[in-house]
Amino acid sequence: RTAEELVFNEPTTGAENDLVQATSLARQMVTTWGMGSLGLIAFKSDESQPFLGYELSQNREYSEATAARIDQDMQRLLDEAHEYARQCLNSARTQLDQVVELLLKDETVKAPELTRILGPQRGVSAPA
């Protein structure tokens, strides 16, 4: 999504699943792993429920004020990650533009093309 913002000056719907996954991870970081302003506390969650609104129908084990803090912590984490992605992409803008050019032309970029543009992966040795 950040790459779309940088290259096209507006987001599209293409990053929907990325946003869903990032939001879920931020919620886990705050409510399960104690990585927010609430400190060393974990709340049970049942993210396996497939029904929209299930969580709303259940009794939460925390107050509205705590829910607001969770929301704020999640937003902070997402904003920080978004800014970090922006910095990384800006520092590699030439490579980003080359990848975008290939995607607009062919819709896919294969590993050899990525290696040519980005260089070999760090910490990964080349096959013998």
Side-chain angles (χ1 to χ4, degrees):
R1 173 162 180 144
T2 305
E4 290 176 343
E5 291 172 2
L6 289 173
V7 173
F8 302 117
N9 296 316
E10 62 182 51
T12 69
T13 59
E16 176 185 2
N17 189 54
D18 295 340
L19 292 174
V20 169
Q21 294 297 319
T23 302
S24 177
L25 180 58
R27 178 173 295 282
Q28 267 194 297
M29 289 171 72
V30 173
T31 63
T32 305
W33 302 325
M35 299 173 100
S37 66
L38 297 170
L40 300 175
I41 190 166
F43 301 103
K44 71 177 181 177
S45 69
D46 192 353
E47 292 191 19
S48 65
Q49 292 300 325
F51 305 108
L52 184 64
Y54 176 83
E55 185 179 300
L56 297 175
S57 68
Q58 302 304 303
N59 291 329
R60 278 197 314 239
E61 56 183 43
Y62 47 84
S63 68
E64 284 298 319
T66 299
R69 285 181 63 189
I70 290 169
D71 290 344
Q72 290 169 351
D73 285 347
M74 288 173 53
Q75 189 63 57
R76 178 187 50 79
L77 288 168
L78 293 168
D79 289 345
E80 288 173 359
H82 187 223
E83 182 55 33
Y84 180 71
R86 182 182 312 283
Q87 290 172 9
C88 290
L89 290 168
N90 273 326
S91 70
R93 184 59 195 255
T94 301
Q95 292 93 337
L96 172 62
D97 289 339
Q98 291 174 8
V99 171
V100 168
E101 187 176 317
L102 280 174
L103 285 170
L104 290 173
K105 179 181 157 207
D106 297 331
E107 295 187 17
T108 59
V109 179
K110 297 187 176 167
E113 295 165 316
L114 278 178
T115 300
R116 179 181 57 78
I117 294 169
L118 303 176
Q121 288 181 329
R122 294 182 189 135
V124 177
S125 57

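Residue indices begin at 1 and follow the sequence shown. In this text the structure is predicted, and so the values were computed from the model without any measurement.
Taken from OG1 in T2 to NE2 in H82, the straight-line distance is 3.5 Å, to the nearest 0.5 Å. In this structure, the separation between CD1 on I41 and OG1 on T66 is 7.0 Å, given to the nearest 0.5 Å.
By the criterion of side-chain heavy atoms lying less than 4.5 angstrom apart, applied directly or through intervening Ile, Leu, Val, Met, Phe, Trp or Tyr residues, F8 is grouped together with L6 in one hydrophobic cluster.
Residues that satisfy the side-chain contact (heavy atoms from CB on, under 4.5 Å) test with S91, not counting sequence neighbours, are absent from this structure. Listed by chain and number, the residues in a side chain to side chain donor-acceptor pair (under 3.5 Å) with R1 are E5 (sequence neighbours excluded). Partners of Q95 according to the side-chain contact (heavy atoms from CB on, under 4.5 Å) rule, which considers only residues two or more places apart in sequence or in another chain, are A92, I117, L118. Annotation: side chain to side chain donor-acceptor pair (under 3.5 Å) contacts of D79 (sequence neighbours excluded): Q75. Not counting sequence neighbours, T115 has no partner by the side chain to side chain donor-acceptor pair (under 3.5 Å) test. Every side-chain contact (heavy atoms from CB on, under 4.5 Å) that M29 has, sequence neighbours left out, goes to L25, W33, M35, L77. Evaluation of the side chain to side chain donor-acceptor pair (under 3.5 Å) rule for Q21 yields no partner, not counting sequence neighbours.
Here the side chain of D73 pairs a donor or acceptor atom with the backbone of S37 at under 3.5 angstrom.
Heavy-atom minimum distance, R27 versus Y62: NH1-OH, 4.4 Å.
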Review item, side-chain donor-acceptor pairs of residues 96-107, under 3.5 Å, at least two apart:
residue, atom, partner, partner atom, Å
D97, OD1, R93, NE, 2.9
D97, OD1, R93, NH2, 3.4
D97, OD2, R93, NE, 3.3

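The hydrophobic cluster containing L19, built from Ile/Leu/Val/Met/Phe/Trp/Tyr side-chain heavy atoms closer than 4.5 Å, comprises no other residue.
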Item to check | Derivation of the salt bridge (Lys or Arg N to Asp or Glu O under 4.0 Å) call for E113 and R116 | outcome: CA-CA 5 Å; E113 295 165 316; R116 179 181 57 78; 5.7 Å; no

Item to check | Worked verdict on L38 versus F43 for side-chain contact (heavy atoms from CB on, under 4.5 Å) | outcome: CA-CA 11 Å; L38 297 170; F43 301 103; 3.9 Å; yes

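E16 CD: 12 or fewer foreign heavy atoms inside a 6.0 Å radius.
The side-chain hydrogen bond (donor to acceptor under 3.5 Å, both in side chains) analysis of residues 6-15, with sequence neighbours excluded, yields the pairs E4-T12.
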